[in-house]
2 protein chains.
Amino acid sequence: MNTLAYGLLSLLSHSSLSGYDLMLKIQPFWPAKHSQIYPLLARLEQKELVSCALVQQSDKPDKKVYSIKEAGLAALREWLTEPASDPVMRDELMLKAFCMSNVSPAVSRKLFVARLEHYRNKMTRLQDRLQSIRQHDGLEEGALPVYSSPYFGAFILLNKGMMTCRTNIEWCEWVLQIVPEE
Amino acid sequence: MNTLAYGLLSLLSHSSLSGYDLMLKIQPFWPAKHSQIYPLLARLEQKELVSCALVQQSDKPDKKVYSIKEAGLAALREWLTEPASDPVMRDELMLKAFCMSNVSPAVSRKLFVARLEHYRNKMTRLQDRLQSIRQHDGLEEGALPVYSSPYFGAFILLNKGMMTCRTNIEWCEWVLQIVPEE
DNA sequence: AGTAACATGTAATGAGTTACATGATTCT
DNA sequence: AGAATCATGTAACTCATTACATGTTACT
């Protein structure tokens, strides 16, 4: 039972999902490819932490929908009582920033312009998602979901994403201000 | 030549360091254990990108100090012209936050209190480091190093660290405000 | 005498990515 | 007919962590 396994259980505790959907949904929190997800789901099913149902679709290929079982929820609750391990951030731009005085300002600026673009796109996507979960939970602008709502977690995470994005954008803009134009 | 290899070259472009020091210094940007660093340094030496000198010490065990060679600097400059890949963040707390409505608020609060502590400690360490590089570069409070200074990269990275820390602290405090006390 | 930090290495295992493989369904 | 998305799986490889292994020096 590694972190990714608990991550899948975490998503499944909110709603039943296919392996494909799990793969898409877990990206912002714990990036993983389908080649990692599918075998892991099979193991979780073996362990009786999740169940699986074949769902036939007419508009799309059939899919296997996984649901969390009581044992899975118990494992999840147990895991939640343990302290979370420290976050791990791996960003090539940090390494490049460290040694950028070795190249011309123009080369450096290009890196930060690209990153700025990346965070601005991400920001837009986050805003859209926040709008959509506000509607799901029937929330007015500025109102907060209650703790017991299953959307509470998603809500605070989206807010974190927005705050982080904003900070990163500010940082990139600040760097571009102090890195000379040529 | 993976990202870690370029990361080592990046640090070495600023100053010559032992494998042990490299291992300590690279942690904030690209976490890696010594078991990954030492074999990689041997490969970089084989490729003639770095050179190695045995330095005898009396107060501590002897060490091997690595220096970047001209070919290493060339590889670094080449790498800097390529776009940086997207940052990868893996944080167990995000996964736990997503499903925290499955446990009592007390259990959830504990996670965020611990994380708040973590970021406050980190913030203090960053402030100390920023002070020390200000002195190295002979900078007044509020002044910025010039682009060509080898400390420029470290300086903007420390500022990013501080901004990120501050944002994370704000987020944790906000979450603790809206998660009920019991 | 024992612990902690410094210092370097290898071996085994686990986690994660890329590539290989296949097929359904929709849209252009 | 071809591209894009949906959908699931395995195999090979690289990357990263943990464990094994050893030795120095300083401090208590």
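In what follows, every chain begins at residue 1, and chains take the letters A, B, ... in the order their sequences are listed.
Residue B/R129 places its CZ atom among 12 or fewer non-hydrogen atoms of other residues, nucleotides or ligands, all under 6.0 Å distant.
As rounded to whole Å, 11 Å separates atom P of C/dG14 from atom CG of A/N2. As a whole-Å value, the separation of A/Q56 CD from C/dT25 P is 10 Å. One interatomic measurement links the two molecules: NZ of B/K63 to C1' of C/dT8, which rounds to 13 Å at whole-angstrom precision. Taking atom NE2 of residue B/H34 and atom P of nucleotide C/dA5, one finds them 16 Å apart after rounding to whole Å. If you take OH of B/Y38 and P of D/dT22, they are 17 Å apart, rounded to a whole angstrom. Between B/I37 atom CD1 and C/dC6 atom P the separation is 15 Å, expressed in whole Å. Rounding to whole angstrom units, CE of residue A/M1 and C1' of C/dG14 are separated by 15 Å. The CG-P distance, from B/L40 to D/dC15, rounds to 9 Å in whole Å.
Judged by distance alone, the side chain of A/Q27 and the main-chain N or O of A/M23 form a donor-acceptor pair under 3.5 Å.
When each of B/R90 and B/Y66 is assigned the nucleotide of DNA chain C with its nearest heavy atom, B/Y66 is the one assigned upstream, toward the 5' end. Where A/K60 and A/Q36 each meet DNA chain C at their nearest nucleotide, the meeting point lying more 5' is that of A/Q36.
A/T124 and A/N121 share no donor-acceptor pair across their side chains, judged by distance under 3.5 Å alone.
You'll find the ring centres of B/F98 and A/H14 inside the 6.0 Å limit.
The side chain of B/Q57 places an N or O atom within less than 4.0 Å of a non-bridging phosphate oxygen (OP1 or OP2) of C/dA7. Here B/W30 does not reach the OP1 or OP2 of D/dC15: none of its side-chain N or O atoms lies under 4.0 Å away.
Side-chain to base pairing of A/S35 with C/dT18: one donor and one acceptor N or O lie within less than 3.5 Å of each other.
Contacts between residues 15-29 of chain A and DNA chain C, defined by a heavy-atom separation below 4.0 Å, involve no residue at all.
Hydrophobic clustering (ILVMFWY, side-chain heavy atoms < 4.5 Å, transitive): A/V113 and B/Y147 are in one cluster.
For the salt bridge (charged side-chain N to carboxylate O under 4.0 Å, His left out) test with A/E173, the passing option among A/R120, A/R109, A/R115 is A/R120; the others fail.
When distances run from any side-chain atom of B/P61 to the nucleotides C/dC6, C/dG16, D/dC6, the shortest one goes to C/dC6. With C/dT18, D/dT18, D/dT8 as the candidates, the nucleotide lying closest to the side chain of A/K33 is C/dT18.
To the nearest 0.5 angstrom, A/L12 atom CG is 7.0 Å from A/L41 atom CG.
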